[in-house]
Amino acid sequence: GRINKEDVQERALYDSCTVAIDTGARREERGQRTVDSMQGGTNVIADAKSSAGNRTSPRHSKLKPRVVRLSAGAKGSDYLFRKLTAAQYGHRTDAIGKRFGRTKAALGYDGRYVFHSLRKTVATRLEQAGVLENVASDILGHEKAATLSYGLYSSGTSIEQMRSAIETI
């Protein structure tokens, strides 16, 4: 059968939410991902809203089949979410953010729940799993506390440390 535009947009929302929960990436960070940026079990973000946001973090093992499906038939420079289109200022996730808002309202959720709540959930789950804050900061792309040892001198946690943490989600 033919797939209608509504089904495509619902699938894009579902895929984006799943990637959010399994990476902690911001909404537009997800929208800007290319096929190449999600290969090798990592998520490379080089166009974040802050320098701390530019990072290479592990991709949760559960995401591999989704990345394979979304990458099928694509070139490495193609966007992972190819069905999203750029809006004002080149943002590719504005429409999906609005769709999220309509969907959550239809399900009875109020304004306390926003697309960014998925990212907050990742932070909460990392904390509840006992993940050190500096490791969570590296995964989420947050500035570290300005301590002398980690904030000034450290070049960050290893991919292995972050992978172990992300797999707790």
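If you're wondering where the values come from, they're calculated on a predicted model, not measured in any experiment. When a residue number appears, it is its place in the shown sequence, counting from 1.
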Could you check if a side-chain atom of [X] sits within less than 4.5 angstrom of a side-chain atom of [Y], using non-hydrogen atoms only?
X: Asn43; Y: Arg33; result: yes
X: Arg11; Y: Val8; result: no
X: Ile21; Y: Thr121; result: yes
X: Val35; Y: Tyr79; result: no
X: Leu118; Y: Val122; result: no
X: Thr124; Y: Gln128; result: yes
X: Glu143; Y: Ser51; result: yes

[atom1]-[atom2] distance between [X] and [Y], expressed to the nearest 0.5 angstrom:
X: Lys62; Y: Ile166; atom1: NZ; atom2: CD1; value: 9.5 Å
X: Lys83; Y: Ile96; atom1: NZ; atom2: CD1; value: 13.0 Å
X: Leu80; Y: Arg69; atom1: CG; atom2: CZ; value: 9.0 Å
X: Ser16; Y: Arg99; atom1: OG; atom2: CZ; value: 12.0 Å
X: Ser117; Y: Phe100; atom1: OG; atom2: CZ; value: 6.0 Å
X: Arg119; Y: Leu140; atom1: CZ; atom2: CG; value: 5.0 Å

Any donor and acceptor pair, going by atom type alone, linking the side chain of [X] with main-chain N or O of [Y] inside 3.5 Å?
X: Gln161; Y: Ser158; answer: yes
X: Arg82; Y: Leu70; answer: yes
X: Arg92; Y: Leu84; answer: yes
X: Glu10; Y: Asp7; answer: no
X: Lys104; Y: Tyr113; answer: yes
X: Arg66; Y: Asp15; answer: no
X: Gln32; Y: Asp47; answer: no
X: Thr34; Y: Ser37; answer: yes
X: His60; Y: Ile169; answer: yes
X: Asp138; Y: Thr157; answer: yes

Task: Trace of the side chain to side chain contact (heavy atoms under 4.5 Å, CB included) decision for Arg55 with Glu29 - done: CA-CA 11 Å; Arg55 63 202 183 275; Glu29 288 174 350; 2.9 Å; yes
Task: Pair Arg59-Thr42, side-chain donor/acceptor within less than 3.5 Å - done: no
Task: Under 3.5 Å side-chain donor-acceptor pair for Glu167 and Ser61 - done: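 Yes - a donor-acceptor pair under 3.5 Å links their side chains.
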Open item on the list: How about CD on Glu127, more than 12 heavy atoms from neighbouring residues, nucleotides or ligands closer than 6.0 Å, or not?
Closed with: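 Incorrect, the count does not exceed 12.
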Task: Atom CD of Glu133: over 12 foreign heavy atoms under 6.0 Å - done: no
- [ ] Flag the pair Asp22 and Lys64 as a salt bridge only when some basic side-chain nitrogen lies within less than 4.0 angstrom of an acidic carboxylate oxygen.
- [x]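 Salt bridge: no.
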Task: Exercise: identify the closest heavy-atom pair between Gly97 and Phe115 - done: CA-CD1, 3.6 Å
Task: Least distance between heavy atoms, Ser50 atom then Gly141 atom - done: OG-O, 4.2 Å
TODO: For the residue pair Tyr89 and His91, categorise the inter-ring angle as parallel (less than 30°), tilted (30 to 60°) or perpendicular (more than 60°).
DONE: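 Tilted: the ring planes of Tyr89 and His91 meet at 30° to 60°.
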